[in-house]
Every structure is written in structure tokens, then in C-alpha cells.
There are 2 protein chains.
Amino acid sequence: MREAAYLHLRESILSGILLPGTRISEPGLAESLGISRTPVREALQRLSQEGLVELSPGRGARVRVITPQEVREVYEVRALLEAEGARLAALNATGAELEALEERLEALDRIPAEQYPEQMRVDFEFHSLLMEASHNRTLVRVYQDLRSGLALVRAHQQTLSQHPKTREQHHQILKALQQREAEQAARAARAHVLYFMEVVLEAAQRQGGQQWT
Amino acid sequence: MREAAYLHLRESILSGILLPGTRISEPGLAESLGISRTPVREALQRLSQEGLVELSPGRGARVRVITPQEVREVYEVRALLEAEGARLAALNATGAELEALEERLEALDRIPAEQYPEQMRVDFEFHSLLMEASHNRTLVRVYQDLRSGLALVRAHQQTLSQHPKTREQHHQILKALQQREAEQAARAARAHVLYFMEVVLEAAQRQGGQQWT
DNA sequence: CGCCTGAAAAGTGTATACAGTATACACGTG
DNA sequence: CACGTGTATACTGTATACACTTTTCAGGCG
């Protein structure tokens, strides 16, 4: 039930049902889920450590507010991690892992542009598989922690995937991995993440102000 | 009281009172601290997310066991983060921050070699200040998360600080920061962390087997 | 009309109770 | 003598109760 509360809250936040800054009441959420406060509390604390909610002592939980400055910081760290992941993957990836990556890019091409959630899911899988191919589980863990925070940002930035450049960059990364060119893979991954950061920040500037979901 | 339970457990684990693999009983710990199970549970879950304890569903909590392979992974990621931190610090550090760093190195020289805990504390402060001088709070957060796991390793590796090379490497980093040479700072920080990793792994091999603290 | 005050409502933090489950140990069986 | 089974104990996960704090809102005062 803790897991259920966690997943429900996470989904509510990422899908935009709960806007940033919204207060989350333990009794309220517990009743709406038909469970007691205990698992709700534990779910909130987990989300707090993941950076999706803010927990002030004695004053309850709120959905976290993220500033553009913070988005920039997170993407810069992600670029660092993903570049290293790509470098290691070029050295350590197995044949099966390379095929799985290739398969995801083919799947992305097959998905119609209007099915945004599906695109996002496969895109996410591609990057996760890339990091796992590094064979450094600590790197993967840190990366996933960072991404759960990033999800907050992308929630309302729909339609920005499948930019023309994105597809080309994905293939550049894969090609470098297949040719075992570590430095080239790192550069390509870094460029991809930083390019995406600019797209996100631009879209945010157009549609919002100092903060958003 | 959650904080008290958290700090008590953390200290017990890092000081070696609780050895890796030891089962931690919620009722037992609650009684020994004179509090109820609720805050104990919450502390255990926090420690679980920080990587100090392992939490198997329905089967309670154990102090986590770390393998040399994992130590290598963690230090490699730390080297990556700290190199980036040093690079950014060379660009962004304020005068006051540079002075604080210098002060820590002077303090390290003043501490007698036998006061190991004090040395470790100041050494920790130096590295934390270095990362904070990067002015990227996300980078700092990820770094601190990683280090709390590392603390497990160093707990029983006393006497390995103040290796002759350590002092020199610290000063190399600081010098690069003062001269605003970003790439040199990154290289120096990376070399320092990786060197330290080798020292730790060597010490572990001498005194242990496949796993320790 | 605005601001301060104070009481009521809601909420957080901790303790405790209870149901379901894993673990350990002893006994019986092959 | 080894192994499986059954029972008793201990523990985890969830629910509920209670004290204390924060928030809210209405009424009175300046």
C-alpha cells in the first residue's frame, strides 16, 4: 500500500494533476485512497528524498517548485553523467545491449508523432539502456535519481520530443557505441543532453515565468 | 525523534558498532532508544535510500554489505563529479570561498597525525566546500548522496588519510582554483580521488576479502 | 476600512494495537 | 542420522488514538 500511495502520488504530480506548490494533506490523501496515514507518510518521505515533494517539519508536504536555474543545473549534471555513461558503454556494452538500443530507435521511428506519452516512454528506455550498458551500477543509480527530478520539468513540456535534431543525435550516439569510439560517444551524448536542455528552457520561457511544474 | 533515531543509527553503523549484514530489529532499537517504532521505521527508510541499510520487504533491515567492485564504481563516479565541481569552482568561486578552502588545508597541517577522526572531518569539509564553490547545488546534492554511501567504506580504513601525496594533491587543487585554471583543477581533483581509491582498495585487500564494513 | 486577536478546525508527529507473515526450534518420520 | 513438518515466537505492515502545533477565519478594536 505504501507502493500504491507512492505510485499514485508520483503519477498525480508528473501528470500535472497536482501543480507545484500544492499542499498535500496526509489525512485527505489517505481517505481518498482508502488507506491509513502511515503508508501515505512513508510514500511522502520517499518522494521528498527523490525531490518531487518538499517536506517542512510540522508544516506538511508541498509539490516542489522548480526554477529555470535549477533546470539548467540538473541538465548540466545529467550531461556529465550521460557523457560518462556513453563513454563506458562504448567500452563495455555487449552485443545484445547494442541491439536493444538499436531496437528502441527503430521503435521511436514507428511511433506516430501524436502519441507523445509513448514516445517519451521509449526515449526514456533508450537513455536508461544506454546508461545500463556502461556496466557501472552506481552511475546508473545516480542517474536515475536525477531523472526522477527531471520528470517534473518535462511533464508540461509535451510536443518537444522528436525535434528534428533529436533523431539524428540518437543515431550519432548509437553509431559511436557500435564503433567502440568512446570519446565520440561521450561528446555526442553530452551534446544531445545540452541541446535538449536549451529546447526545454526555451519552451519554458515562452510559456511561463520564473517557475513551473 | 526521527532525527535522533537517524543520527544514532548512522553513527552506530559508521563507527563500526553495527557490522555489515547485522539485522536491525525495529522493536529492539525502539526500546533501546526509549521511543516508539514509528520514528525508527522512518529513520530506517531514510538510511535505506542513502544506501547505508538494506530493506527487504517483510524481512526487516540489515546493515548493507559493500563489495570492492562497488567501491571502485562509487569512487569512479565521485571522481567524475569532483572533477566537474573543481572545474566549475575555478570559474565561479568567490574570494571568501577560496580563503575558506585555504584555511581548511592549514587546519589539516595543524592537526596531529594521531587525531584521525578530526583529520577526516576537516578533509571532508575541504571537499564539501570545494563542491559548494562550484555554485551548482544539484551537483552538490548528488555528490553528498554519493559520499554518505562512501562513509561506509572509510569507516574502518583509518590511518589512511594524510598519505604523503594527499597533502600535495590538495594544494595542487587549491592552486589551480586560485589561478582560475579550470581544466587543471578538474585534472587535479580527478587524480586525487582516483589515487585515494587505489589506497582504499589496497588497504581493503590487505585486511579483508570480498566484503567489509 | 484595515489590522490585530483569539478560538476553532485541521494537520503533524508519536505512540500503541492488531492482523498477517516470516523465522526458529523441536518433534516426528523416513 | 538427516530431513521435513508443525507450532510457537518474533517481527513487519497497517490502522487507529492522542497530544500538540499550525493554520484559518470571524469578530472586535483602533
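Remember, predicted model here, so these are calculated numbers, not experimental data. In the text below, chain A, chain B and the rest are named by the order of the sequence lines, each starting its count at 1.
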Undergrad: Counting only N and O atoms by type, is there a donor-acceptor contact under 3.5 Å from the side chain of A/Arg64 to the main-chain atoms of A/Gly51?
TA: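 Confirmed, A/Arg64 side chain pairs with A/Gly51 backbone.
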Undergrad: By the salt bridge (Lys or Arg N to Asp or Glu O under 4.0 Å) test, which pairs, at least two apart or in different chains, include something from residues 34-46 of chain A?
TA: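 Checked against salt bridge (Lys or Arg N to Asp or Glu O under 4.0 Å) - neighbours excluded - the pairs reaching residues 34-46 of chain A are A/Arg2-A/Glu42, A/Glu3-A/Arg46, A/Glu26-A/Arg37, A/Glu26-A/Arg41, A/Arg41-B/Glu42, A/Glu42-B/Arg41, A/Arg46-A/Glu50.
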Undergrad: Using whole Å, what does the distance between atom C1' of nucleotide D/dG13 and atom CZ of A/Arg2 come to?
TA: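 Whole-Å distance recorded here is 8 Å.
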Undergrad: Could I get the full list of side chain to side chain contact (heavy atoms under 4.5 Å, CB included) partners for A/Glu31, not counting sequence neighbours?
TA: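 Here no residue qualifies.
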Undergrad: Residues of residues 42-51 of chain A with any non-hydrogen atom less than 4.0 angstrom from an atom of DNA chain D: list those, numerically ordered, please.
TA: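 DNA chain D contact set from residues 42-51 of chain A: none.
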Undergrad: Hey, could you give me the CG/OH distance between B/Leu47 and B/Tyr6, rounded to the nearest 0.5 Å?
TA: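 OH of B/Tyr6 is found 5.5 Å from CG of B/Leu47.
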Undergrad: Name the pairs: protein N/O against N/O of nucleotides 7-9 of chain D, kept only if under 3.5 Å.
TA:
none

Undergrad: Show me the pairs that pass salt bridge (Lys or Arg N to Asp or Glu O under 4.0 Å) and involve residues 87-97 of chain B, at least two apart or across chains.
TA: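 Of all non-adjacent pairs touching residues 87-97 of chain B, those that pass salt bridge (Lys or Arg N to Asp or Glu O under 4.0 Å) are B/Glu84-B/Arg87, B/Arg87-B/Glu183.
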Undergrad: List in chain and number order the residues that pass side chain to side chain contact (heavy atoms under 4.5 Å, CB included) with A/Glu106, two or more places apart in sequence or in another chain; answer none if no residue qualifies.
TA: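 Partners of A/Glu106 by the side chain to side chain contact (heavy atoms under 4.5 Å, CB included) criterion, ordered by chain and then number, come out as A/Glu102, A/Arg110.
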Undergrad: Would you jot down, in residue-number order, the residues of residues 25-39 of chain A having a non-hydrogen atom under 4.0 Å from DNA chain C?
TA: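 Within residues 25-39 of chain A, the residues near DNA chain C are A/Ser25, A/Glu26, A/Pro27, A/Arg37.
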Undergrad: State, with a plain yes or no, whether a side-chain heavy atom of B/Arg62 is found less than 4.5 Å away from one of B/Val53.
TA: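 No; the side chains remain at least 4.5 Å from each other.
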Undergrad: Please round to 10 degrees the angle between the axis of the first five pairs and the axis of the last five pairs in the helix from C/dC1-D/dG30 to C/dG30-D/dC1.
TA: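 It works out to 20° between the end axes.
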Undergrad: Run the side-chain hydrogen bond (donor to acceptor under 3.5 Å, both in side chains) test against B/Arg137 and tell me which residues pass, sequence neighbours left out.
TA: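 Partners of B/Arg137 under the side-chain hydrogen bond (donor to acceptor under 3.5 Å, both in side chains) test: none.
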Undergrad: Answer with base, sugar-phosphate or nothing: what part of the nucleic acid does B/Leu55 contact at a heavy-atom distance below 4.0 Å?
TA: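 B/Leu55: no heavy atom of the nucleic acid under 4.0 Å.
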Undergrad: Rounded at 0.5 Å granularity, tell me how far OG1 in A/Thr67 sits from CD in A/Glu73.
TA: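 With rounding to 0.5 Å, OG1 (A/Thr67) is 7.5 Å from CD (A/Glu73).
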Undergrad: Look at B/Arg104 together with B/Glu125 and state whether they make a salt bridge at an N to O cut-off of under 4.0 Å.
TA: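 Counted as a salt bridge, because a side-chain N and a carboxylate O are separated by less than 4.0 Å.
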Undergrad: Whether B/Arg41 contacts D/dG13 is assessed here as follows: a side-chain N or O lying under 4.0 Å from the phosphate OP1 or OP2. Is that the case?
TA: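 The answer is yes; a side-chain N or O of B/Arg41 sits under 4.0 Å from OP1 or OP2.
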Undergrad: Rounded to the nearest 0.5 Å, what's the gap from OG on B/Ser134 to CG on B/Leu177? Could you check?
TA: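 Rounded to the nearest 0.5 Å, the OG-CG separation comes out at 11.0 Å.
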Undergrad: Just the table, please: protein N/O against nucleotides 23-25 of chain C N/O, every pair under 3.5 Å.
TA:
unit_1 : atom_1 : unit_2  : atom_2 : d
C/dT23 : OP1    : B/Arg59 : NE     : 2.8

Undergrad: Counting only N and O atoms by type, is there a donor-acceptor contact under 3.5 Å from the side chain of A/Ser48 to the main-chain atoms of A/Leu44?
TA: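 No, because the side chain of A/Ser48 does not come within donor-acceptor range (under 3.5 Å) of the backbone of A/Leu44.
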Undergrad: Does the side chain of B/Glu82 come under 3.5 Å of the side chain of B/Tyr143 through a donor N or O and an acceptor N or O?
TA: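 Present: a donor and an acceptor within the cut-off.
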Undergrad: Test: side chain to side chain donor-acceptor pair (under 3.5 Å). Region: residues 16-25 of chain A. Which pairs qualify, not counting sequence neighbours?
TA: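 Sorted pair list comes back empty.
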Undergrad: Starting from the 5' end of DNA chain D, give me the residue, A/Glu3 or A/Pro57, whose nearest nucleotide shows up first.
TA: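 Of the two residues, A/Glu3 wins.
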Undergrad: Checking A/Leu33 now: which residues fulfil side chain to side chain contact (heavy atoms under 4.5 Å, CB included) with it, not counting sequence neighbours?
TA: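 Checked A/Leu33 against side chain to side chain contact (heavy atoms under 4.5 Å, CB included); matches are A/Ala5, A/His8, A/Leu29, A/Ile35.
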